[in-house]
Amino acid sequence: MNLNLRKLPTPLAHAAPLARTTPIADAAGAVVRVPTATLRTADSPRTVGLDEEYARTLATAEGPYRPLLVHRATMRVIDGTHRLRAARLRGQNTVDVVFFDGSAEDAFVLSVEANIRHGRPLTRRERTTAALRILRTHPDWSDRFLADRTGLSARTVAALRARATGPTAVDGRIGRDGRIRPLDPARGREAAARLLADHPQASLREIARAAGIAPSTVRDVRRRIGEGTDPVPAGQRRARPPLHESGGPTGAPGGSGPGDPSGATGQAGSPGAAGQRLAALVPALCKDPLLRLSEAGRLLLRMLDLQVSALRQRERIVAAVPPYRAETAAAAAAQCARVWQELSDELRRRGSAESSA
C-alpha cells in the first residue's frame, strides 16, 4: 500500500553525502589543476588567520601536497589554506584541487570538519564559534550529528542550541544515521492515529514510514486507541491552544475552564441551566483523542464550542438583530435547533446499538 500523505520535510537533500567520513568524499572527486591566482581566501573557522611560519615549514617539505578542497561557486579554499600559501612561496603557479559543488553553508561545515581531522587543530573556542554558526544555518541537524562535525560533545552542542537559537520552522532533526526524527513526538503519534483510522489495512511499517516514527511507536498508538486512551502519553503531550480564540471550554478570554461550567461571571447573557450543562459537557468531549484527531471530530468540537460561546452572549446577540429581521432569525434558530435534535437522536441510536451489540 502506498500512503499518499505528506511526510516530515527532509531537512537537507544532501544529508547522506555529508554523513560520509572525509571531506574529500563530499566533493566531485576528480583532481584538477588550477592557477593559484584564481583561488580566494578561505571562509575559515580559525580566528587567528594564516600562520606564515607554518606555511614556510610546509614550503620546505619535499613531495607534492594533497589536493586542496575548493568551493567551485566561489573559488574559496575550504581545506588547504596553508598548502596554498606554501605553493605560492615555492613559486608554483598552479595547484591540484578537488571541487565541492554544494552551498557556501555546507562548504563551511566541510572546512570545520577538515580542520578537526587533520592539520593544525582548531581551538575549543574556534570549534564552539563554528558550532554556533552551523546551528544557525543547519538547525535541522541533531546535536550528535553536529557534534561529529565540530569536535564537540553532543551535550555541549545541546547547550549552545538552547541559548543561541530562537524558534525554528523545522519539524524534525536529522541524526547521524540519516533518519529524520520529529521534534515533537506527539505530532508523530497523532499523525499515526489519523493514518490508522483512514488506512486500517496498512501495515505498521507503512504507517510508521508515513508518520515519521518507529513501527514500535505505531504499535503503541494502536494499542492505546484500542483501549480508548489518548495515543499520546501524558508526558509527551504539550500545551495545546484553545479550540478558537474567542474563548470556550479551554479557559481562554471570554470563556470558562473545565472547572467552571457556569461560565465567567459578570458577562452579558449568563447562560441558564441548559447552558451550564452544555458548558460542563463540552470539555469532556474535547479531551477525547479520537475526536481531536479526526477532521469531522474537530468540526463537532468547534461547533459545540461555538454554541457555548453563543449562550454566554445571548442577550447581546438578541439585541444585535434588527426588529425587521427578528422573525427570519428566529426561524433560522429554530431550524438549527431541529438539526441539532436530529443529530442528537442519531447519536443516541448509535450509542444504543453499540451497547446492545
Side-chain angles (χ1 to χ4, degrees), residues 12 14-138 141 145-153 156-157 160 176:
L12 295 171
H14 55 264
L18 278 178
R20 295 170 183 169
T21 57
T22 64
I24 296 298
D26 299 295
V31 177
V32 296
R33 199 157 187 84
V34 301
T36 57
T38 62
L39 299 177
R40 301 175 60 196
T41 306
D43 181 12
S44 173
R46 299 189 185 278
T47 57
V48 295
L50 187 71
D51 186 335
E52 282 288 345
E53 183 178 352
Y54 181 62
R56 285 194 293 269
T57 301
L58 287 177
T60 60
E62 296 183 359
Y65 301 132
R66 288 186 299 105
L68 281 62
L69 182 60
V70 176
H71 185 221
R72 191 193 300 270
T74 62
M75 294 300 287
R76 285 187 178 275
V77 176
I78 296 173
D79 177 39
T81 299
H82 287 96
R83 277 171 276 151
L84 174 60
R85 176 58 178 160
R88 286 170 173 168
L89 290 174
R90 280 182 171 186
Q92 293 180 213
N93 294 322
T94 59
V95 289
D96 290 338
V97 306
V98 173
F99 283 116
F100 172 69
D101 290 312
S103 66
E105 292 79 12
D106 291 338
F108 179 78
V109 175
L110 290 180
S111 178
V112 174
E113 185 176 6
N115 280 282
I116 67 172
R117 293 186 185 279
H118 61 78
R120 294 174 62 84
L122 298 175
T123 66
R124 180 175 178 82
R125 181 177 180 180
E126 289 171 336
R127 286 178 281 134
T128 300
T129 302
L132 287 169
R133 176 172 169 179
I134 297 172
L135 278 170
R136 291 191 293 270
T137 59
H138 299 76
W141 282 7
F145 191 48
L146 199 153
D148 284 351
R149 277 148 182 78
T150 56
L152 299 171
S153 69
T156 299
V157 173
L160 292 174
R176 291 181 294 182

**Prompt:** Are H71 and D106 linked by a side-chain donor-acceptor pair shorter than 3.5 Å?
**Reply:** no
**Prompt:** Between R83 and R66, is there a donor-acceptor pair closer than 3.5 Å when you use the side chain of the first and the backbone of the second?
**Reply:** yes
**Minimum-distance pair of heavy atoms, taken over all atoms of A86 and Y65** = CB-OH, 3.3 Å
**Message:** Show the nearest heavy-atom pair for residues S153 and A147, with the distance to one decimal.
**Reply:** C-CB, 3.8 Å
**Prompt:** Hey, what do you get for CG (L160) to CG (L146), rounding to the nearest 0.5 Å?
**Reply:** 9.0 Å
**Asked** So do the side chains of T150 and T156 get within less than 4.5 Å of each other, counting heavy atoms only?
**Response** no
**Complete:** The reported gap from CG in N93 to OG1 in T36 (rounded to nearest 0.5 angstrom) is 5.5 Å
**Request:** Dump the intermediate steps for side chain to side chain contact (heavy atoms under 4.5 Å, CB included) on F99 and V34, then the final yes or no.
**Result:** CA-CA 11 Å; F99 283 116; V34 301; 4.0 Å; yes
**Asked** Hey, what do you get for CG (N115) to CD (E113), rounding to the nearest 0.5 Å?
**Response** 10.5 Å
**Prompt:** Relative to the ring of H138, is the ring of W141 parallel (under 30°), tilted (30 to 60°) or perpendicular (over 60°)?
**Reply:** tilted
**Message:** Check this for me: R125, atom CZ, are more than 12 non-hydrogen atoms of other residues, nucleotides or ligands nearer than 6.0 Å?
**Reply:** no
**Request:** Check the surroundings of atom CZ in R90: do more than 12 heavy atoms from other residues, nucleotides or ligands lie under 6.0 Å from it?
**Result:** yes
**Message:** Under 4.0 Å between a side-chain nitrogen and a carboxylate oxygen: does that hold for E52 and R85?
**Reply:** yes
**Message:** I78 vs F100, test: side chain to side chain contact (heavy atoms under 4.5 Å, CB included). Steps then yes/no.
**Reply:** CA-CA 9 Å; I78 296 173; F100 172 69; 3.8 Å; yes
**Request:** Flag the pair D79 / L110 as yes when at least one side-chain heavy-atom distance between them is below 4.5 Å, and no otherwise.
**Result:** no
**Message:** How long is the straight-line distance from CZ of R127 back to CG of L152, given to the nearest 0.5 Å?
**Reply:** 5.5 Å
**Prompt:** Looking at side-chain heavy atoms only, is the closest gap between L84 and R88 below 4.5 Å?
**Reply:** yes
**Item:** Residue pair D51 / H82, side-chain heavy-atom distance below 4.5 Å
**Value:** yes
**Message:** I want to check something: taking the side chain as every heavy atom from C-beta on, are T81 and T41 in contact at a cut-off of under 4.5 Å?
**Reply:** no
**Request:** Answer whether the closest heavy-atom distance between the side chains of L39 and V97 falls below 4.5 Å.
**Result:** yes
**Heavy-atom side-chain contact between E105 and I134 under 4.5 Å** = no
**Prompt:** Going from CG on L122 to CD1 on I116, what distance comes out if it is rounded to the nearest 0.5 angstrom?
**Reply:** 7.5 Å
